[in-house]
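Data first, discussion second: the structure below is written as structure tokens.
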2 protein chains.
Amino acid sequence: MIASARLVQQACSQCALAHLCLPYGLDSDEIARLESQIIPDISIKAGHDLFVQGDPLAAFYAITEGGFKTAVFDTDGLEQIMGFYFAGDLLGLDALGDETHRCTATAIENGTVCRLPFDQIDNLLTQLPSLRRRLMRLMSRALTDEEHQLLTLGRKSSEGRVATVLLDFSQRLAMRNLDSSIVPLNMKRTDLANYLGMRVETISRVLGRFQSKGILNSTRKEVEIHDWLALRAYAGSGAWVADQ
Amino acid sequence: MIASARLVQQACSQCALAHLCLPYGLDSDEIARLESQIIPDISIKAGHDLFVQGDPLAAFYAITEGGFKTAVFDTDGLEQIMGFYFAGDLLGLDALGDETHRCTATAIENGTVCRLPFDQIDNLLTQLPSLRRRLMRLMSRALTDEEHQLLTLGRKSSEGRVATVLLDFSQRLAMRNLDSSIVPLNMKRTDLANYLGMRVETISRVLGRFQSKGILNSTRKEVEIHDWLALRAYAGSGAWVADQ
DNA sequence: CGATTGTTTGAGGAATATCAATATGTGTGG
DNA sequence: CCACACATATTGATATTCCTCAAACAATCG
């Protein structure tokens, strides 16, 4: 599982996830200056928040173990889950604009994080253009991810949505050199349903249909992908809208 | 109409839309340096692209007249419209991360733009921290907007979606000191439908229903809002999901 | 003015939500 | 370590929303 993989050393320079994280693209000297500022190995229990929507930006967090969800809450209390994040992902970039968090980040299982105090990072930013570029790049990636999600919610059927999220998780496993054919679903079904704009029962049924077609094998905690082509077909055009 | 309003002078320092645009928050000296770099008053015809997904970032564009849509295209050619933009809005920020446009910007009607060549802006960025902050802020706002849209697509019924987009457009009129109760719908219904993840027929029916309830008056080109409370109620919880 | 494009309206059907019941898992205290 | 209570997941039956297809209507452009 992504969750239980312990791929991380104390310091960035020895961290197996550095290529996904903030240090990527920095030289060893710059990494040294960065890692002197971070507080590694903070453990977070399932259900606890790293930060809450509206909080002033105090720190970024690099996930070293476990999984998190981010969500925004409407004025009416309507919740929309924006994304799921796993070891190697960086949380808190959402607050870069006005130094206030625009979403809430909650652990979906026990895990550990590195804390990167914002003051210190901000200082480093003025000194290290490469770090500034890296941060910009990560922020830009966040925008791209949200756009993909908009496309998923706007244009795809329930089968297309489920196929898409499975392939997305799978690809993120591959980026971590983990088995991409076994996709853990550590979040609750309600969270997944909320993220995909559908209901838990529908998720259940779609997974059931995929399983009976031999596309995958589904249990409560994970999905094993068998027929990649079929799944990609569902994710691609598995929609009521090939036209318009 | 937003579209036909000609609120703009040649230069930023005299531009009625400066408070929405890049110059906001800069002092007069900084604005002078910025406006010396821009090419104002470029006219764009309906249907033409300012930039295309995949293009290297050459310039930002400030809309001075008219309206634009941005869209991303899937590998399968699936199109999702990401947003609509009007006079005072800045286009091209999507490319800040890797200096490549992630979406296509198309004029939905004839209009004019100011061109801000990226090289020049990039130079200014190293010299003007306030401009850097401003750009960051605008990028962050783009993220927030997309998150709202995710909530709309993920959680709201068709009536909720239509109500939401009308109130959004209305609010943007208010920010420009225009009559916020008369919302022009200059884009085609298909574009609006695509943006909202629904079909043109459904848009039509929802507007019809709203009209017959006295909430608004709808013509092909614009909507006049009468009952704000009702519309807000639809936009807020006008959804199949108050729970979960 | 005709051709084309865009919008509205109607009837029917498919996808997915809702409600209800069952089954499976998970944690806690004895 | 077991048993019970509670949370979560699946399955089934029904209802509703929204899409699909078809046609009429209105606007726009040459």
Under a 4.0 Å threshold between the charged nitrogen and the carboxylate oxygen, would A/R141 count as salt-bridged to A/D145? no
Taking only the side-chain nitrogens and oxygens of A/T202, find out if one of them lies under 4.0 Å from OP1 or OP2 of C/dA17. yes
Base D/dC21 to side chain B/E201, donor-acceptor N/O within 3.5 Å cut-off: yes
Interatomic distance, B/L207 CG vs D/dA26 C1' [rounded to whole Å]: 16 Å
Parallel, tilted or perpendicular, as decided by the 30° and 60° cut-offs, for the rings of B/F169 and B/F84: perpendicular
Roughly how many Å is it from CG in A/N217 to P in D/dT10, rounded to a whole number? 12 Å
Is any side-chain nitrogen or oxygen of B/S158 closer than 4.0 Å to OP1 or OP2 of D/dC18? yes
Whole angstrom is fine here: how far is it from CD1 in A/I203 over to P in C/dA17? 9 Å
In this structure, how many angstroms lie between the P atom of C/dA17 and the CG atom of A/N194, rounded? 12 Å
CZ of A/R205 versus P of C/dA23: gap in Å, rounded? 16 Å
Please compare B/K188 and A/R220 by the position of their nearest nucleotide in DNA chain C and report the one closer to 5'. B/K188
Atom NZ of B/K45 and atom P of D/dC29 are separated, to the nearest Å, by 13 Å
In whole Å, what is the span from the CG atom of A/L196 to the P atom of C/dT16? 12 Å
Can you name the one residue among B/T104, B/V72, B/D94, B/N194 that meets side chain to side chain contact (heavy atoms under 4.5 Å, CB included) with B/M82? B/V72
Side-chain ion pair, B/K213 and B/D227, N-O less than 4.0 Å: no
Which nucleotide, C/dT8, C/dA17, C/dA11, lies nearest any side-chain atom of A/M198? C/dA17
Roughly how many Å is it from CZ in B/R155 to P in D/dT17, rounded to a whole number? 17 Å
Does A/R189 get its side chain close enough to the base of D/dT11, under 3.5 Å, for a donor-acceptor pair? no
Can you confirm whether more than 12 heavy atoms, excluding those of A/H226, are under 6.0 Å from its NE2 atom? yes
